[in-house]
Amino acid sequence: MTTDSTTSNFIRSIIDEDLKNNTYGGRVHTRFPPEPNGYLHIGHAKSICLNFGLAEDYGGKTNLRFDDTNPVKEEQEYIDAIIEDIRWLGFDWEDRLFYASDYFEQLYEWAVKLIKDGKAYVDDLSAEEIREYRGTLTRPGKNSPYRDRSAAENLDLFARMKAGEFPDGSRVLRAKIDMSSPIINFRDPVLYRILHETHPRTGNEWCIYPMYDWAHGQSDSIEGITHSICTLEFENHRPLYEWLLEQLGVYKPKQIEFARLNLTYTVMSKRKLLKLVKEGYVSGWDDPRMPTIRGLRRRGYTPAAMRKFADMIGVAKANSVVDLEMLEYAIREDLNASAPRAMGVLRPLKITVSNYPEEMVEEFEVPTHPQDKSNTETRVVPFSREIYVEQSDFMEDAPRKFFRLSPGREVRLLGAYYVTCTDVVKDEDDNVTELICTYDPESRGGQSPDGRKVRGTIHWVSARHAVQAEIRLYNHLFTKKNPEEGGGFIQNLNPNSLEIIENAMLEPSLAEAKPGDQFQFMRQGYFAVDSVDSKPGKPVFNRTVSLRDSWKKQQGKK
RNA sequence: UGGGGUGUGGCCAAGUGGACUAAGGCAGCGGACUUUGAAUCCGCCAUUCGGAGGUUCGAAUCCUCCCACCCCAGCCA
């Protein structure tokens, strides 16, 4: 049932085994359970791809279920954003959009049952007292003085908690398990707390809200989930997950834990991302430097690339840190195949082609997808006497291996002509301001009848036809592979994570680009029209990722 | 120091006692090709599986001990 491209993993092994043993009647039913208290990031994408991907591969189903049990942190805004992001990633939960809050009534009834069975009690201890009574990792806890209340008294108190008779924090409902258990989660975990708070979905209907442990497993059970996949930190909760379900005597899904995603040069916790946004280190949740799905999307990452990435990194239980280059590989691979090519000069250097007629303009038809032989689409780029090339494509005193412009050297202007640099114009400070070149009229289209070879091919834009654009170049948000190293992530923020180029010169076909459109600027990288700031007449492009550059790499080694 | 986990090349990750003198991918390094120094293609890149013992004809896979790292003491999820 597994696809060839996906390597096996321990979760698939478990599912295979369950299928073999008919554990869940041959069903595979997963769920993605976000808490609507923030935006989704690439770590969530890993989980989403895992849950939906597994169901797809095994012919099962996946539910989207919001874990909305804490109204003090959760908001409708996040619910909407999360739904949009998962849809954008390309996954579909059909009619199975659920909320833990859908089950509040059932959860309440089950709590009553627990009380009647003598397995839960109302505790009047304060939060601080409960903490003291809980003991430590090495010292057992001790029983609350309210632990042995009668079922009748507990029932009465719990009903009054629900009725709103008591203030926040005054009482909780706790499971009665074992205060001396080495499993801290068994030391009478809190099931309900009082919160006079408006809930995004249930409004003011409730003033007691279930804790995660009381809501999650029961929700899984109600929905008939077979494999409840979560991250490693919930491993310690599994015994409680199972205990609660067993006390209720209801259907019991299997909880499986995997290691969350960590990426080099990236922070992933909601808390840290929130700090970056709140304190203005980035422009918002959708800042293209953010690892949020919205940020990556605005940057130019595609759903296909994210899914490919999730597939590449696999899933396991060992804590690990994935190299950012893997993500970059995934987006390059996708965009290389799909992105139309164009020419754009980021840092322009003017060239006057001295032997080219003053007013002449030629239009060259060049392939838009030269990497794809099956796609013959073309576009027109105008050529004239004055053009711009990349500053980095000229070197006055060039080494032998520099296959670009230099006095006396000939290069090919992509799709146009061969040109040879004859003069270098400088200002009073010795800066190169312009190049004078001659072109070979015989080399029209980029090849010469005499068959002579030109090692270098560079991109260019006709000066009088150029479209001016703002280009935003993004670099690592942090200077350290591990942003936490040393002083902490704020100290390691990269001051050059965003470089803005105000006046890049682009080929005229790019004037029509619409927000979200993506291109490969040949020899430079992949760029996406910014969805927020780009305006007709004043386009803004985000660099999604640069092309690999073995020349630069070679230079760096010297 | 109690409990629960994890340790396979620079990174991710297969592997569940015999065809493992350990898949695959990323990164790296060579080379071919090239109207993108891109892409593509070819080749190289762990005698070794946290360490030490042991069981076995045979161990990354089983046993013992040790070491390292992660998680748990929210009325967060």
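Within every chain, numbering begins at 1; the chains are lettered A, B, ... in the order of the sequence lines, protein sequences first and strands thereafter. If you're wondering where the values come from, they're calculated on a predicted model, not measured in any experiment.
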- Message: Give me the distance, rounded to whole Å, that separates B:A60 from B:C20 when you measure between the P atoms they each carry.
- Response: 12 Å
- Query: What do you reckon, are the aromatic ring centroids of A:Tyr241 and A:Phe234 less than 6.0 Å apart?
  - Reply: no
- Task: Provide, to the nearest angstrom, the distance between the OH atom belonging to A:Tyr192 and the C1' atom belonging to B:C76.
- Result: 17 Å
- Item | From A:Leu349 atom CG to A:Leu405 atom CG, the distance as rounded to the nearest 0.5 Å | 8.5 Å
- Residues in residues 66-74 of chain A with a heavy atom under 4.0 Å of RNA chain B, by number, are A:Asp67, A:Thr69, A:Asn70, A:Lys73
- Item | C1'-based separation of B:U56 from B:G17 [nearest Å] | 9 Å
- Message: Would you say the ring centers of A:Trp460 and A:Phe383 fall short of 6.0 Å from each other?
- Response: yes
- Task: Please tell me which of the listed nucleotides, B:G28, B:A73, B:A77, lies nearest to the side chain of A:Thr136?
- Result: B:A73
- Query: Is the distance between the ring centroids of A:Tyr99 and A:Phe66 under 6.0 Å?
  - Reply: yes
- How does protein contact run along nucleotides 4-14 of chain B, one letter per nucleotide 5' to 3', with B for base contact, S for sugar-phosphate only, - for none, heavy atoms under 4.0 Å? SSSS---BSSS
- Can you list the residues that meet the ring-ring contact (aromatic ring centres under 6.0 Å, His included) rule with A:Phe478, with sequence neighbours excluded? none
- Please work out the stems of RNA chain B from pairs that are Watson-Crick or G-U wobble with both distances under 3.5 Å, keeping only runs of three or more consecutive pairs. B:2-7 with B:67-72, B:10-12 with B:24-26, B:28-32 with B:40-44, B:50-54 with B:62-66
- Query: Roughly how far apart, to the nearest Å, are B:C33 and B:A39 at atom C1'?
  - Reply: 11 Å
- Shortest non-hydrogen separation from A:Asp188 to A:Tyr121 and the atoms involved: OD2-OH, 2.6 Å
- Name the nucleic acid region contacted by A:His216, choosing base, sugar-phosphate or nothing; use a 4.0 angstrom heavy-atom cut-off, strictly under. nothing
- Message: Taking salt bridge (Lys or Arg N to Asp or Glu O under 4.0 Å) as the cut-off, I'd like each qualifying pair that reaches into residues 229-245 of chain A, sequence neighbours left out, listed once.
- Response: A:Glu233-A:Arg260, A:Glu235-A:Lys317, A:Arg238-A:Glu257
- From CZ of A:Arg12 across to P of B:G24 the rounded distance in Å is 19 Å
- Task: Test ring pair (Phe, Tyr, Trp, His ring centres under 6.0 Å) on A:Tyr301 and A:Phe309 and set out the steps.
- Result: CA-CA 11 Å; A:Tyr301 274 79; A:Phe309 173 69; 8.8 Å; no
- Task: Would you classify A:Ser13 as touching base, sugar-phosphate or nothing, given that sugar-phosphate means primed atoms plus P, OP1 and OP2, and contacts are heavy atoms under 4.0 Å?
- Result: base
- Item | Distance in angstrom units between A:Phe309 CZ and B:A27 P, rounded | 13 Å
- Among all residues two or more places apart in sequence or in another chain, which pass the salt bridge (Lys or Arg N to Asp or Glu O under 4.0 Å) test with A:Glu333? A:Lys308
- Message: Give me the distance, rounded to whole Å, that separates B:G7 from B:A14 when you measure between the P atoms they each carry.
- Response: 9 Å
- Message: Once you apply a heavy-atom cut-off of 4.0 Å, does A:Met343 come out as touching a base, just sugar-phosphate, or nothing?
- Response: nothing
- Could you tell me the separation between the CG atom of A:Asn185 and the P atom of B:G74, rounded to a whole number of Å? 11 Å
- Hey, is B:G74 sitting syn or anti, using the within-90° cutoff around 0? syn
- Query: Is the shortest side-chain N/O distance from A:Lys553 to OP1 or OP2 of B:G28 below 4.0 Å?
  - Reply: yes
- Note on the structure: Contact string for nucleotides 35-43 of chain B, one letter per nucleotide 5' to 3', B = base within protein heavy-atom range under 4.0 Å, S = sugar-phosphate only, - = neither, reads BBBSS----
- Item | Inter-nucleotide C1' distance (B:U47, B:U8), Å rounded | 15 Å
- Message: Under 4.0 Å, heavy atoms only, any strand: does A:Ile130 hit a base, just the sugar-phosphate, or nothing?
- Response: base
- Taking only residues at least two apart or on different chains, which pairs with a member in residues 128-141 of chain A satisfy salt bridge (Lys or Arg N to Asp or Glu O under 4.0 Å)? none
- Note on the structure: Taken to the nearest 0.5 Å, the spacing of A:Lys46 NZ from A:Asn262 CG works out to 8.5 Å
- What is the distance, rounded to the nearest whole Å, between atom CD of A:Glu257 and atom C1' of B:C72? 13 Å
- Message: Can you list everything that forms a ring-ring contact (aromatic ring centres under 6.0 Å, His included) with A:Tyr439? Sequence neighbours excluded, please.
- Response: A:Tyr356, A:Tyr417
- Distance between the C1' atoms of B:G10 and B:U34, in whole angstroms? 30 Å
- Query: Expressed in angstrom and rounded to an integer, what is the separation of A:Arg174 atom CZ from B:G74 atom P?
  - Reply: 11 Å
- Message: Within the 4.0 Å heavy-atom criterion, would you say A:Val172 contacts the bases, only the backbone, or no part of the nucleic acid?
- Response: base
- Query: A:Thr264: what forms a side-chain hydrogen bond (donor to acceptor under 3.5 Å, both in side chains) with it, not counting sequence neighbours?
  - Reply: none
- For a side-chain hydrogen bond (donor to acceptor under 3.5 Å, both in side chains) with A:Asp68, tell me which candidate from A:Arg201, A:His199, A:Gln76 qualifies. A:His199
- Task: Using the closest heavy atom to pick a nucleotide of RNA chain B for each, name whichever of A:Arg193 or A:Gly135 lands nearer the 5' end.
- Result: A:Gly135
- Query: A:Leu191 near the nucleic acid: base, sugar-phosphate alone, or nothing, with a heavy-atom cut-off under 4.0 Å?
  - Reply: nothing
- Query: Among all residues two or more places apart in sequence or in another chain, which pass the side chain to side chain contact (heavy atoms under 4.5 Å, CB included) test with A:Thr420?
  - Reply: A:Glu410, A:Thr438
- Query: Mind checking what makes ring-ring contact (aromatic ring centres under 6.0 Å, His included) contact with A:Phe158, not counting sequence neighbours?
  - Reply: A:Tyr108, A:Tyr192
- Task: In whole angstrom, give the distance that lies between atom CD of A:Glu17 and atom P of B:U16.
- Result: 14 Å
- Task: Calculate the interatomic distance between A:Tyr265 atom OH and B:C26 atom C1'; express it in whole Å.
- Result: 14 Å
- Using the C1' atom as the reference point in each nucleotide, state the distance between B:C72 and B:A77 in Å, no decimals. 14 Å
- Message: Suppose you measure atom C1' in B:U64 against the same atom in B:C57; what distance do you get, rounded to whole Å?
- Response: 22 Å
